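Down below is the structure, laid out as structure tokens.
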Amino acid sequence: LRDIETDQAHGLLTDDDAGPTKLIVELWLDNIMAKRQRGPGILLRDAWAYIKISDVTLDYVNSSSKNHIGIRLEDNAGAEIVGTDVVGASSDNSTTSQTSFYFKACVAIWLTDCFADTPGNYGFYAEDSAFITYGGCRASLCANAGFYQVNSADFSYDNCIVSGRKGQSY
């Protein structure tokens with residue numbers, strides 16, 4: 001999917017979470033702009049591998065509804081996310097659980113030049129995940145940590161920047 005622009009959508013892309021069948025293999029999202037996003041951005045629970053997300057901007061995720069996540073991958077084994085920005089709305093008191101990039105039970109995720117800006121919670125969050133590589137990623141003005149891992153291992157950070165508010169946690 002490429003060259004898509006939305007404005008005030010209640011969700012950009014999601015799968016049906018059909019369980020262990022892992023319905024999506026080889027998905028490429030390129031050059032997508034979601035302005036004033038009102039719901040979850042990209043939510044993939046059945047995308048197994050190879051997922052590539054490049055040049056995607058999710059702008060003001062959560063501007064009118066609370067606690068959505070910009071990009072969420074679950075049970076994924078192999079994704080590359082490049083040049084992707086998720087802008088939150090932490091100034092709105094209803095966004096305390098908003099996270100820009102969220103990975104749960106994922107393995108082998110590469111992020112390059114990604115930007116988590118002003119989420120109401122975390123910039124980059126990984127739970128029960130391993131082998132995640134961050135290259136040139138930035139987290140700015142996150143209400144909680146810029147980079148946060150729980151029950152996760154084997155992370156690599158190269159030239160990453162955290163600015164404003166809380167910083168990083170391991």
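Below, each value reflects all heavy atoms present in this structure, side chains not excepted, and no hydrogens, waters or symmetry copies. Keep in mind that what you see is a predicted model, and the values were worked out from it rather than measured.
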Could you tell me if the side chain of Ser140 sits less than 4.5 Å from the side chain of Asp117, heavy atoms only?
yes

How close do Ser100 and Gly123 get, heavy atom to heavy atom, and via which atoms?
CB-O, 3.2 Å

side-chain contact (heavy atoms from CB on, under 4.5 Å) with Leu43: which of Thr14, Leu12, Leu13?
Thr14

Rounded to the nearest 0.5 Å, what's the gap from CZ on Arg138 to CD1 on Ile161? Could you check?
7.0 Å

Please determine whether side-chain contact (heavy atoms from CB on, under 4.5 Å) holds for the pair Ile71 and Leu58, giving the CA-CA distance in whole Å, both sets of side-chain angles, and the decisive distance to 0.1 Å.
CA-CA 9 Å; Ile71 295 176; Leu58 301 172; 3.8 Å; yes

Nearest 0.5 angstrom please: Asn144 CG to Gln98 CD, how far?
12.5 Å

Are more than 12 heavy atoms from other residues, nucleotides or ligands located less than 6.0 Å from atom CD of Gln8?
yes

Does the salt bridge (charged side-chain N to carboxylate O under 4.0 Å, His left out) test come out yes or no for Lys104 and Asp128, once each step is laid out?
CA-CA 6 Å; Lys104 182 173 182 179; Asp128 300 323; 5.7 Å; no

Side-chain donor or acceptor of Asp15 paired with backbone N/O of Arg45 under 3.5 Å
yes

In this structure, would Ile53 and Ile4 fall into the same cluster of hydrophobic residues linked by side-chain contacts under 4.5 Å?
yes

Is it true that atom NZ of Lys52 has more than 12 heavy atoms of other residues, nucleotides or ligands lying nearer than 6.0 Å?
yes

side-chain contact (heavy atoms from CB on, under 4.5 Å) between Asn76 and Leu44, worked out:
CA-CA 8 Å; Asn76 179 277; Leu44 298 175; over 6 Å; no

OG1 on Thr133 to CG on Asp154, rounded to 0.5 Å:
9.5 Å

Any idea which heavy atoms bring Asn121 and Cys142 closest together, and the distance?
O-CB, 3.8 Å

Mind checking whether Val86 and Leu27 sit in one hydrophobic cluster, side chains of I, L, V, M, F, W, Y counted as touching below 4.5 Å?
yes

For the atom pair CD1 (Ile32) and CZ (Arg2), what is the distance rounded to the nearest 0.5 Å?
9.5 Å

Among side-chain atoms of Glu74 and Tyr102, is any donor-acceptor pair under 3.5 angstrom?
no

Phe103 with Leu29, same ILVMFWY side-chain cluster at under 4.5 Å:
yes

Report yes or no: do Ile109 and Ile51 belong to one cluster of Ile/Leu/Val/Met/Phe/Trp/Tyr joined by side chain heavy-atom distances under 4.5 Å?
yes

Residues Leu73 and Cys106: closest non-hydrogen pair is O-SG, 3.4 Å

From OG1 (Thr118) to CG (Leu141), nearest 0.5 Å:
5.0 Å

Specify whether Phe147 and Tyr157 have parallel, tilted or perpendicular ring planes, treating 30° as the upper limit for parallel and 60° as the lower limit for perpendicular.
perpendicular

Hey, quick one: are Phe131 and Tyr148 part of the same hydrophobic cluster, counting side-chain heavy atoms closer than 4.5 Å, chains of contacts allowed?
no

Is there a side-chain contact between Phe101 and Thr84, using heavy atoms and a 4.5 Å cut-off?
yes

Could you walk me through whether Glu80 and Tyr50 pass the side chain to side chain donor-acceptor pair (under 3.5 Å) check?
CA-CA 8 Å; Glu80 180 180 9; Tyr50 176 79; 2.6 Å; yes

Would you please classify the geometry between the Tyr134 ring and the Phe155 ring as parallel, tilted or perpendicular, with 30° and 60° separating the classes?
parallel

Using side-chain heavy atoms (C-beta onward) and a distance below 4.5 Å, is Tyr125 in contact with Val150?
yes

Looking at every heavy atom in both Ile42 and Val56, which two are closest together, and how far apart are they?
CD1-CG1, 4.2 Å

Testing the basics here: between Cys114 and Ile81, what is the closest heavy-atom pair and its distance to 0.1 Å?
SG-O, 3.4 Å

Expected output: side-chain Ser152 to main-chain Ser129 donor-acceptor under 3.5 Å:
yes

Which residue is it: Asn31, Asp30, Thr112? I am looking for the one with a side-chain hydrogen bond (donor to acceptor under 3.5 Å, both in side chains) to Ser54.
Asp30

